[in-house]
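The figures that follow rest on heavy atoms only: side chains count, while hydrogens, waters and symmetry mates do not.
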Amino acid sequence: MPLGPGESPGFLLWHATLRWQRDVATALAPLGLTHVQFVLLACTWWLNAQGRHPNQLALARQAGTDVKMTSQVLRTLEQKGLVAREVDPADTRAKRLRVTDTGAELAPRAIAAVEHVDAQFFEPVPLGDAVALLGRLAHPEP
């Protein structure tokens, strides 16, 4: 006997994810970013802050995004003046990613907006419990 919608973890996760994505999109709209643009900008900003200048592949791995889609979104971020692609001195075929001054000013504001959404969204659940469950689902151990 199949589970009803209210008893199906996958169906509930689907609806929870949709609600969270809507809330994030609403928070990012005034900043002129889509959710994917935010993720790639924030990851690049964070990696740069760690002294790393990733190429497109390394950024896609960090963000968990498709490499081709990452390239397309990076092109948009570059057009917006938020990210710059620079020739890698170690490999002239590769481009290293650097957040521009404008991107470096926007990234922390966008991160704060998304963290506010997260705090409200996950408020009914203790933070440690939410992180433990989501970490286990995102990276299941063999």
Exercise. Does the ring center of His35 lie less than 6.0 Å from the ring center of Trp20?
Worked result: yes
Exercise. Leu106 versus Leu33: any side-chain heavy-atom pair under 4.5 Å?
Worked result: yes
For this session: Determine, stepwise, if the pair Leu134 / Phe122 fulfils side chain to side chain contact (heavy atoms under 4.5 Å, CB included).
Result: CA-CA 11 Å; Leu134 294 170; Phe122 291 106; 3.8 Å; yes
Problem set entry | Heavy-atom pair of closest approach, residues Gly6 and Leu12 | O-CD1, 3.6 Å
Exercise. Between atom CD of Gln21 and atom CZ of Phe121, what is the distance when rounded to the nearest 0.5 Å?
Worked result: 9.5 Å
Exercise. Would you say the side-chain atoms of Asn48 pair up with the backbone N or O of Val99, donor to acceptor, closer than 3.5 Å?
Worked result: yes
Exercise. Within a strict 4.5 Å, meaning less than it, do heavy atoms of the Thr34 and Thr76 side chains meet?
Worked result: no
Seminar exercise, completed: Tightest non-hydrogen contact, residues Arg75 and Arg85, listed as N-NH2, 3.0 Å
Exercise. Which heavy atom of Thr102 sits nearest a heavy atom of Gly81, and at what distance?
Worked result: CB-O, 3.7 Å
For this session: Please answer: with hydrophobic residues joined when any side-chain heavy atoms are less than 4.5 Å apart, are Val125 and Val131 in the same cluster?
Result: no
Problem set entry | Side-chain heavy atoms of Leu47 within contact of His53, under 4.5 Å | no
For this session: Enter the distance from Ser71:OG to Lys95:NZ here, rounded to the nearest 0.5 Å.
Result: 11.5 Å
Problem set entry | Pair Lys68 + Asp66, salt bridge at N-O below 4.0 Å | no
Problem set entry | hydrophobic_cluster_shared for Val117 and Trp46, side chain cutoff 4.5 Å | yes
Exercise. Just by modelled atom types, is the Gly103 backbone N or O under 3.5 Å from a matching donor or acceptor in the Lys80 side chain?
Worked result: no
Problem set entry | Leu28 CG to Arg109 CZ distance, which is reported to the nearest 0.5 Å | 11.0 Å
For this session: Please examine the side chains of Leu41 and Val83, heavy atoms only from C-beta on, and report whether any two atoms are closer than 4.5 Å.
Result: yes
Problem set entry | salt_bridge(Arg98, Glu86) N-O dist < 4.0 Å | yes
Exercise. Say you draw a straight line from CG of Asn55 to CZ of Arg52; how long is it, rounded to the nearest 0.5 Å?
Worked result: 10.5 Å
Exercise. For the hydrophobic clusters of this structure (ILVMFWY residues joined by side-chain heavy atoms under 4.5 Å, transitively), does one cluster hold both Met69 and Leu82?
Worked result: yes
Exercise. Should Thr70 and Leu40 count as side-chain neighbours, where that means a heavy-atom distance under 4.5 Å?
Worked result: yes
Exercise. If you count the non-hydrogen atoms of other residues, nucleotides and ligands that lie under 6.0 Å from CG in Asp101, is the total more than 12?
Worked result: no
Exercise. Should we count NE2 of His15 as having more than 12 external heavy atoms under 6.0 Å?
Worked result: yes
Exercise. Can you name the nearest heavy-atom pair linking Ala60 to Val67, along with the distance?
Worked result: CB-CG2, 4.0 Å
Problem set entry | Minimum side-chain heavy-atom gap Gln56-Arg96 below 4.5 Å | no
For this session: Could you tell me whether the side chain of Trp45 reaches within less than 4.5 Å of the side chain of Ile111, counting heavy atoms only?
Result: yes
